[in-house]
Each structure stands twice: as structure tokens, then as C-alpha cells.
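The structure under discussion appears below in the form of C-alpha cells.
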Amino acid sequence: MYPNEQARACHRALRVGIVSGLLFLLMAALGGPHDPAMAQEPPTPGQGVSGQLVVGSDPVEGVTIEVAGTSGADVATVETDDEGAWSVPLTSPDTYEISIDVDTLPDGVALADPERDSLTLPVREGQNRIIIFQLTDGEGSAEDEEDGFDFIGLDFKRLASLTVDGVRFGIVIGVMAMGLSLIFGVTGLINFAHGELVTFGAIMAWLFNAGWFRFPLLIAALCALVLAAVLGGGLELGLVRPLRRRRTSNIALIVVTIGLSEFLRSFYQVTFGPLPKSYRDYAIQREADLGLFAVTPKTLGIIAIGALAILLVALVLQRTRLGTAMRAVADNKDLAAASGIDVQRVVLHVWILGTVLAALGGILLGVTQKVEYDMGFKALLLMFAAVVVGGLGTAYGPLLGALLLGIVTQVSTLWFPTEFKFVFALLALILMLVFRPQGILGRRERVG
Amino acid sequence: MDAVNVLLDALRTSVGPQAIVFALAGVGLNLQFGYAGLLNFGQVAFMLAGAYGASMTVDAGGPLWLGIVLGMLAALVIAMLFGLPALRLRADYLAIVTISVGEIIRLVVRSSTFEPITNGVFGYRDFAGWFYDINPIPGGRYGFGGFTFSERRLWVIVVGWGLVAVASLLVFWLMRSPWGRVLEGVREDEDAVRSMGKNVFMYKLQALAIGGVMAAVAGSLRAMDTEAVRPDFFFTIITFTIYAAVILGGAGTILGPALGAMALWFVVSFSEGILRLGIDSGVVEFLSLEDLAAIRFMIVGLVLILLVVFRPQGLLGRREAGLIDD
Amino acid sequence: MTEVLNAIPTVPGVPKPDPILVVDGLHRAFGGLDAVAVEHLEVQRGCITSLIGPNGAGKTTFFNCLTGFDRPQGGTWSFDGKPLHGRFAYQIARRGLVRTFQLTKALARLTVTDNMLLAARDNPGERLYASLIPAIWRDTEARNRDRARELLDRFELSHMAGELAGTLSGGQRKLLEMARALMTDPSAILLDEPMAGVNPRLAQSLASHIQELRDNGLTVILIEHDMDVVMGISDWVVCMAEGRVISEGPPATVRADPAVIDAYLGARHAPQETSSRPDPGEPLGI
């Protein structure tokens, strides 16, 4: 029910937006990172075994691993590379014996369980089995994980270190979640492609830092943030705004964002590759012992940068005309428009700001856990948890929620297997919805 | 000649087990999303329930048919898990809860802690003997020209499309009734329906459960077809692919999900085949065969975006009854 | 029937001879701001009671609380002698207290007839199991269809019966919403600004519809801004300001009440009424 003229203009804008978006992606694909590093990666359809040797968060290089098929098939000997990683492609599924040569371990590093220097495992067709040899540098951190259910032996230093790491993780998720929540608060749309915006930042920074160029990470990150701003603005102008003009329902818009998420994630997988990659800077750092807790310098750097970003956003929201306008639109769009606020412009700025926050979070995440094509999608669920726990649509709720969840997920590894740490975050989300759906900071009660 | 094979392959896929599984799960999703307006992003969790119900029961020594029934019951439990926290809240909370609970279930199933119960990342194999034992179709190949199926595959196809037909018929029957009218009212404006004295929550829960049970059967069927169940098939991306199928066919239409699943798998399989030809002949240099799996989901994502932009009502929907308001 | 009201004193909270709705201590606050604080209010059966007041007086929030679409922090209310507080919206509607919305809620992708049939109460076909066996609900459905046809006739919507409700004009939607509310066979109907945005001719016909409802024994409670309409059709007028009942009485009395005049004049400087349905999400709570 819109005037024909406007409808046609919308349609045109949409078509131009989609076509130019596709062209942009195609160009990126053709010029994408097909560096020799990718050619070495084991082919995904075949089977294989691989792993990474680390002590704490430091990789262990030059350790010999031997792989032998029990029916006498493959036999291979490999050494771990400078990231501690190793992998052996296998020609056929079989039961394999994988052993580590303890004599090649560096001084002071030993197997956490000296008995487990050899593992015998079946490898199925097409399966890439990850093999874990638990190492310890004698300070007992690996042992703690083994018998972590022991409450009495609780290591307070480790608890403190994990808490600091939880703060780091929480701030990173918080930065991203703030972007998600801002876009939701102002436009009413839950952007399921927000995770891919996170990945976008991380991958762009990687391309500037280790792919196309060799900029220092800080410069590379700035370049990535500029591109993220362009992407965010482009998404609003080329896709979301024309759809909103056509009065596309919120549910249909959410469907568009899941399509976008799926498309971008697979696109990253094809162009960036399926394996995680590290930045050239800060990849390997030793923990500094600060007495109360041990921490890597980059952890402190991430906390500082994240906190600074959050502070900046808070200042923008509280002290600038744009911030006031954003809050006004969030509160009541019609009223804001009636009082002379250019709602379209505010929405555009929110998309830019939200995307930049997502990208920043992605870069920070990439510093600690490598850059991967689906890192943002995995983080998306944690962002949801943070946002719901803190209060959907509030500006600072997500941050609070993210800090709580960050600490909970990291500290939970003291007592529970690491593989469950995200389960706890998601359970917190569910429980929150049952008992206090408006979140910690949400005020008004929802009814139904 | 090769191009002909690609076309035949695409046609085979579009009526084959993959399309059937998505069609059946899609009929369920259509009831939830197309008719009740529920944003269920955890449909794949119901499929997981069906697949594991079947395989775990057989592994524990029970009969396969019992496993399928248990999978359906598990789907009811999951519907409660989805519904109780979220169905009283705004529509998009359901999306968040379903995507999260779905992921929790997958993570728990694949965890090494629960490996003694679920077999962890390995899952189960070779448990569907009973299903193939009762196949009445004599051995051989059936079809014409290059378009043939083995008796095993034909059995899966016959049973599968039969189930799709039964499920579609059930939805048709339900949606013609006053119950279906309430459900459509809920999609349009749940407050209005409340003001008319209907227990909206109950209708949503029922739709979620019925659609979920259909997805569980789809999951069992997939398990029996591949005779392999692993947790890492049940990624969220599968749910989104079902969405693409339903919207492509026409959300809120009876035959939409089945048609959409066929069309989607045809498009996916055909473009994969063409790309494969291009890669093999060296025309397409920037891709390798390993990329094809990812490209499949790029296509699905693109289908979703383009549909909402250009044809929100899908292939079968009426223009005014499309996804767009006003 | 309505003459009895002339005899009772015009003070806020005055008891009525035959109240259908009794409200006590209903209190709803949004973040420390009292939206509604009604100490006592009774609504006489079989009359048209109008609820007036400046913007932000809390009229719609009061409606929302009464009908279960919002939860007050405290208070009790009963309808036809049965307590309603703590009930869900659908349960309250089933008790016969049915409301319409300020912004009409036509079910756009259902036909006008289906909109009407949906509103009918006690249709066995709306239960999941019974829905599968048409024999159970076919007769009820046929009876409802007849009733829907009558109501659509009365509200001059028969010619649209087969169309999607989304194709109706704004005024037709108002009519449909009222017809639909009647289809539920209510004993009292709460109309939230039924005349807003409607052309004068239609407003006139809506007004006579409302009076007709009263004459058929229905209790009508009405939020309305158009004072001519209010004064013209109301049997009793309740004025709210800042969440409280400040005056009630027959139209002429309330119109002349200095407290009411003050409230309207003072309200020029009062803040705009924000939508009292909870927003689609908490705004940036800063």
C-alpha cells in the first residue's frame, strides 16, 4: 500500500544494493587469500589426525609425533611447527596408534600423564581426529584440569587468573553484544548476522596483518574497522533500509539476516579457508606472574582496549547529539521523528557503530583464539546470552551480562570439563528468561 | 553429455532422501512458522532427537520402531524446553531460546563426558537393518534411462514421500478446522486472539510440539537412510536450510514445504554439479572441490535473502498473503 | 435502568446500586512513576460509562490492567462478583469482560468472516483433538456463521465478508473490531477510543451502535477524547488524571467540575502519554 513511485525506487535501490554487494564479494573472492599456506592444508574430505601441543597457552615446537596404522597402512613421523601444530593425512580409515616421542619435548616440559605417551584410536572415513597430549611445565596447571573436581585443593591463584581471563572474555563479548543491542534497541531488529560482522573484522585485520599486507596489528585493526563501518553502512543502505521502506515485517527481516549470516559464513569458509589462522603479532606470549595472578600482556591489552571502546560508546550515547537522538529513536520512533530527528540518519549511524563494535570484538577475539570463519557465529550465542541476562535493548545490560558470563564460563573450567563452558552460558540465558525475562537491568515487566 | 548427467543428478537429488528429510522437517516448520508465526530456530534439535532416539534404542538392544517412537516423545520434551521459557515472551525471544537450546543439546550430545551414553562425536552406525529387512521391493534398479534408483533407495523414497504426504495431509486437515483458524490468528496478532478468550500459549505450544514431532520423524528417516548418526550433522545451519525450503515453496501453504525442498535441492545439486564440471575442466580456477560443501550453504543463504526481497510469498503463496505486512 | 444513577452522589469511588465491575486499590507504576492508582471504582451494569482524562492520565493502562494485558503491582478487582486479578487475559475475556484496542487489530491475512468466527466462544473445534473430527464442530460452526452474518449485516460489512481483513479501510477495521468483540458474547465491553481517526458520519453511526448495545443490556465502558460524543451518549462519566479518579458523575456534572477543568488545563504542560502497552523491547534504558 505505498505509492507506486516510491515502490519502484525501493526496488531499484534494493537491486542495486544486492548486485553491488555480490560484485564486491566476488572481487574479494577472486583476490582472496590463496597464499601457499592454504595449499598445504590437509584436504577436508580425506581423513587424518592432527593436534596442537601447548603448555598453558604457549605452543611447543619441534616435538616428534609418530602415527602408525594397526593393519600396517600409513606410517608417518612429523614434528610440531612453530605453533605447536601437527597433522598427518591418512589414506584410509583404520585404527591408528599415535605416539609422542617424550625425548623430543623441551626441558622442563613433560606429559601430564606419563603413561599416556601413546594412544590407539579408530579414525573413520572423512574424519579428522584431533589428538590431545596433555603437557605440563611442572607448575601443575595441566594437572589441575585433570582432577579439578577437588574443591579442597582449590588453587586460588588459578582462580584469580581465570577470573582475569573471564573479564577479558567478558569485555570482548560485551563489546560485540553492545553493538547487537544498540542495533536492536534503535531498529527493533535482532541481527542474526551480527556474528558474521564480528568475523568480518577479524578476517579483515588478518588480511591487513598477515594476508595481503604485513601491517602491524594495530594499524591493520584500524583498517579493518574502517571497512567494517563501510560494510555496516552498506548493509543498512543497500539491504535493510529498502526492505523497511517496503514495510517488510520484522520476522521477514530476521529471515534475511539468517540468510545473510549463512551466506557470509560459508563465503568466509571458501575464501579464508576452513582452518584457524593467527595474527603475526602477539600470537605467542608467556604469562607474567603478577603475584596475585598470572596473565599474558595481551590479556591486559585487550581488557584496556575493550574498556576504552565501551567508554567511548558511553560518552557518545550520553554526551553527544547523536547519542541523544539514538536514545530518543529507541524510546519512541514516531515521537522522535515528530520532534525533528532524522530517524533514517540515526539508524544508519547505529548500523555503522554496531558493525564497528562487532568488528572490534572480532579482532580482540582473534588475538587470543585465532581467526576462524565461524568464530563470530559461535560468539553470537554468547552475545544472545549476555544480552538477555543483562537486559535486551538496554545499552549497558549486555556489558554486565557479558562480564558475568565471561567470568562464569572461564571459572567453570576449574570444576567442569572445558567443553561445557558455553553450555553454562546458554543455560544462564534460559534460566534468566524463565525467572526474570527483562534481564538484570531491564525495568519494565513484559506480559504475555 | 556431462551436463545431462548433472541435470539427471540434480533431478535424482530433488526427489531423493535429502529432499525428503528437509520436506518432512519443513512441513513441521511450516506449521510453526508459516501458520503460527513462531520463529523456531531449533528445528534441527527435534531432528537430532529423532535420529538419536532411533539409533540409541537399537544400540541398547531395542527394536528400531520403538526407537522412532521414543524419538517422537523426546521431541515433545524438547518442545517444552523451547516453549516454557519463551512462548509467553516477544516473538524473537523464541528465536534466541530455540537456537541456544538446540546448540546446548548438540554440545552435550557430542561431549566426551556423555560419551558413555551418546557415543560422543562418533555417534552410531549400522542400526537400521530392520527398516531394510521389511523392504518389500525386490532387488534391482528401478527407473528409466539414467534416472534410476536401487531397491534400497527406492524403499526410502517411497516411505519418505509417504510420510511427507501424511504429514501434509494432517496439516491440511488441522488448518481447515477452527483450531487452525486460531493458530493463524495467533500469527496475525496474538493480543487480539487473547482478547477473544483463547489461550494463545497453549496453541503455540501445540504447534511447536506437532511440528517438532514431524521433524523428529524426519531425523529418524535421515538416520535410517544414511545408517550413520553423528552430532555434527545437527548444526543450526540445517534449520536455516529448512527455512529456505519452506519459504521457497511458500510459507503458510500446504504443498509449499515439499515443493520447496525439491526445488531447493535441485538448485543446490545442479549448481554444485555445474561448478564441479567447471573445476574438473579447469574453467573455474578459484575454487576447489573441497569448497563445494560451503558453497552449498552460500547458495542457501542467498536463496533466503533473494526470496524475502523479491518473492516473499515463495512459489505457491498468494502475493497478499506473503511475508510482507500491509 | 440508567435513571438510578441520577440519585447517587457524585464523589469519586461512590458505590453503585448494581455494580458489574468493582476495582480496589489498583496500582501500576512504570519505573517509579505512578501510571495508575485507582483507590475504588464501581461501574454500573447496563450503562455506558465513559472514561475521560487528559493525555497521560493512565486510562489505557487502566484498561490493560483490568483485562490482563498488563500486570499491576497491586490491587483487586472483580467482575460479576468473581475476582479477576491475577488471571490471564484470555481467562478474563472468557468471563465476559472483552476489550478492543486503540490501534485496531484486524487479523490482516484472515478473511473478515474468519475474523468473526475466531471470536465465537466455546467452539469445540478449537480443541486440538476435536479439530480432527469435523462432525464434532460442524453444527457449532454453522450456528456461528449465521451469527457472524447477522453482526456483519448490522455493522454494514456484509459486502466485505469474503475479503481479507487487511484490505479494509481504517473505519471498516473499527467496525470489524467492534463486531468481533460482540461475537464473543460479552457481558461488558471495553472500547478504547473507538472513534479516533474515524470520519464524522461513521462516528455518528458508531455512537448509535454503542447506544444500541446498551439498550440490549450490555455494559459499555468507553475511553474517548471527543467530548461531544462522550456527553452525547454516556450515562456516567469518570475522569482520571495522573492515574487517579478525580471526578465521576453524570456527564453534565463532570463537565462542570472544577477539578476536571483544572486537570485538562494543567495537562497542557504535562508530558505526552507514552504507549502503555509495553514497548517491543525496553528502550535504551539510560
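Below, read A as the first sequence line, B as the second, and so on, with proteins coming before strands; counting in each chain starts at 1.
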Please flag which part of [X] lies under 4.5 Å from any non-hydrogen atom of chain B: side chain, backbone, both or neither.
X        : answer
A:Ile190 : side chain
A:Tyr373 : neither
A:Leu260 : both
A:Leu253 : neither

Contact class of [X] relative to chain A, heavy atoms under 4.5 angstrom:
X        : result
B:Phe201 : neither
B:Ser112 : both
B:Arg125 : side chain
B:Leu39  : side chain
B:Phe235 : neither

Residues B:Thr236, A:Phe192; criterion side chain to side chain contact (heavy atoms under 4.5 Å, CB included); working and verdict: CA-CA 12 Å; B:Thr236 310; A:Phe192 277 79; over 6 Å; no
Using only atom types and a distance under 3.5 Å, with no angle test, would you say the side chain of [X] pairs donor to acceptor with the backbone of [Y]?
X        : Y        : value
B:Asp189 : B:Ala192 : yes
A:Tyr268 : A:Glu196 : yes
B:Thr98  : B:Phe41  : yes
A:Asn250 : A:Gly188 : yes

Contact leader toward chain A among B:Thr113, B:Ile299, B:Leu107, B:Val97, where contacts are heavy-atom pairs under 4.5 Å: B:Thr113
Pairwise side-chain contact, A:Thr199 with A:Asp374, heavy-atom cut-off 4.5 Å (strictly under):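 No. Closest side-chain heavy atoms not under 4.5 Å.
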Residue pair B:Val229 / B:Phe234: nearest heavy atoms and the distance that separates them: CG1-CE1, 4.3 Å
Charged tip of B:Arg222 within 45° of B:Phe233 ring normal and under 6.0 Å: yes
When A:Ile258, A:Leu431, A:Val423 are compared by non-hydrogen pairs under 4.5 Å with chain B, the top option: A:Ile258
